[in-house]
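Here's the structure we're looking at; comments come further down.
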Amino acid sequence: MIDYLNRIARFFVLFSAIALVSSGCLLGGSPQITIEQVNAAESAWLASPSTDYIITVEVDRPDDRRRNMVVVADGEIVEGIVSYWDSDARKWQEAQPLGKDQAYPFTVPGLFEMVRGSLADSGREDTRVKMEGEPPFPREIVLGPVIVDGEPFSMTEATIKVKHFQDN
């Protein structure tokens, strides 16, 4: 009986997240999302999480571009590396290791936390998120500039994109 109720609860959470995604609320149809929408998608993820995966996330800022690759096994970060874009040579530089704390923002839970943090206290007027996958998680995060004294502070915007996700 409890297993049956758990399945119903998981279905409801997943259905709610899919409804939000299909309505456009999380797909850029609206420039803003809410903490409640992020929480619904995260609940769907937590109801059926992947605990073994490889994820590659690119961060693009006006003065910086980097590619982060993180390997997660049994829910723990086992490897993280970062490569920086050399715009003069037009290629990625040699990868460097990331510590677990440095790699965490580029895990699925870290991406949810990044969005939540931006919405809660970043000083940004614009945070847009594209949720995709089954269950959905942030595949693209667009962070508008930080607003200081009512004006956008230049060079603070960023785009974070999941370039590759492999569920193992």
Side-chain angles (χ1 to χ4, degrees), residues 17 20-21 24-35 37-39 41-42 44-46 49-73 75-148 151-168:
L20 284 171
V21 169
C25 293
L26 301 176
L27 287 175
S30 170
Q32 296 288 339
I33 63 167
T34 66
I35 295 286
Q37 292 167 327
V38 173
N39 289 343
E42 186 174 33
W45 170 265
L46 292 173
S50 174
T51 58
D52 300 290
Y53 60 89
I54 299 170
I55 188 169
T56 303
V57 180
E58 285 187 16
V59 178
D60 194 359
R61 299 175 42 139
D63 61 346
D64 178 40
R65 185 173 172 205
R66 62 184 74 187
R67 179 182 288 161
N68 305 276
M69 191 273 298
V70 181
V71 178
V72 176
E76 298 292 323
I77 297 168
V78 295
E79 181 182 7
I81 60 171
V82 62
S83 300
Y84 295 90
W85 179 252
D86 183 336
S87 57
D88 294 332
R90 299 182 55 81
K91 66 177 186 173
W92 293 102
Q93 295 176 346
E94 187 175 325
Q96 302 171 22
L98 287 174
K100 288 183 180 184
D101 289 343
Q102 296 168 310
Y104 176 76
F106 309 107
T107 63
V108 174
L111 293 170
F112 276 114
E113 203 170 294
M114 185 184 304
V115 172
R116 191 174 288 106
S118 178
L119 291 172
D121 61 8
S122 69
R124 299 177 193 274
E125 280 186 0
D126 187 27
T127 299
R128 290 178 279 144
V129 179
K130 182 186 287 185
M131 299 277 186
E132 293 179 345
E134 273 308 311
F137 68 89
R139 296 290 182 131
E140 181 176 296
I141 304 167
V142 178
L143 304 174
V146 173
I147 305 299
V148 178
E151 297 294 322
F153 193 73
S154 68
M155 308 293 282
T156 59
E157 56 275 349
T159 301
I160 299 94
K161 287 184 183 180
V162 174
K163 292 296 198 172
H164 176 76
F165 182 81
Q166 178 182 331
D167 192 5
N168 292 330

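Rounding to the nearest 0.5 angstrom, the gap separating the CG atom in N68 from the CD1 atom in I81 is 9.0 Å. One finds the NZ atom of K163 at 10.5 Å from the OG1 atom of T56 (value rounded to the nearest 0.5 Å). Rounded to the nearest 0.5 angstrom, F137 CZ and E132 CD are separated by 9.0 Å. Rounding to the nearest 0.5 Å gives a distance of 5.0 Å between CD1 of I54 and CG of N168. Within the model, atoms CD1 of I55 and CE of M69 stand 11.5 Å from one another, a figure rounded to the nearest 0.5 Å. To the nearest 0.5 Å, the span separating CD1 on I160 from CG on L111 amounts to 8.5 Å.
Not counting sequence neighbours, the partners of K161 by the salt bridge (charged side-chain N to carboxylate O under 4.0 Å, His left out) test are E140. Residues meeting the salt bridge (charged side-chain N to carboxylate O under 4.0 Å, His left out) test with E157, sequence neighbours left out: none. Under the rule for a ring-ring contact (aromatic ring centres under 6.0 Å, His included), the partners of Y53 that lie at least two apart in sequence or sit in another chain are F165.
Scanning both residues, P136 and A44, for their nearest heavy atoms gives CD-CB, 4.3 Å. The two residues S118 and L143 come nearest to each other via the heavy atoms OG-CD2, 3.3 Å. Across T156 and P145, no two heavy atoms sit closer than the pair OG1-CA, 3.3 Å.
Within the 4.5 Å cutoff, side-chain heavy atoms of R116 are placed close to those of N39. Using a 4.5 Å heavy-atom cutoff, the side chains of L98 and I77 are not in contact. Using a 4.5 Å heavy-atom cutoff, the side chains of L119 and V38 are in contact. Side-chain contact between M131 and F112 is present, with heavy atoms from C-beta onward closer than 4.5 Å.
The only member of R65, R139, R66 that meets salt bridge (charged side-chain N to carboxylate O under 4.0 Å, His left out) when paired with E58 is R65.
A distance-only check finds a donor-acceptor pair linking the side chain of T107 to the backbone of Y104 [under 3.5 Å]. The backbone N or O of G144 sits less than 3.5 Å from a side-chain atom of R124, completing a donor-acceptor pair. Looking at D86, its side chain never comes within 3.5 Å of a backbone N or O of Q93 through a donor-acceptor pair. Using modelled atom types, no side-chain atom of S83 and backbone atom of W92 make a donor-acceptor pair closer than 3.5 Å.
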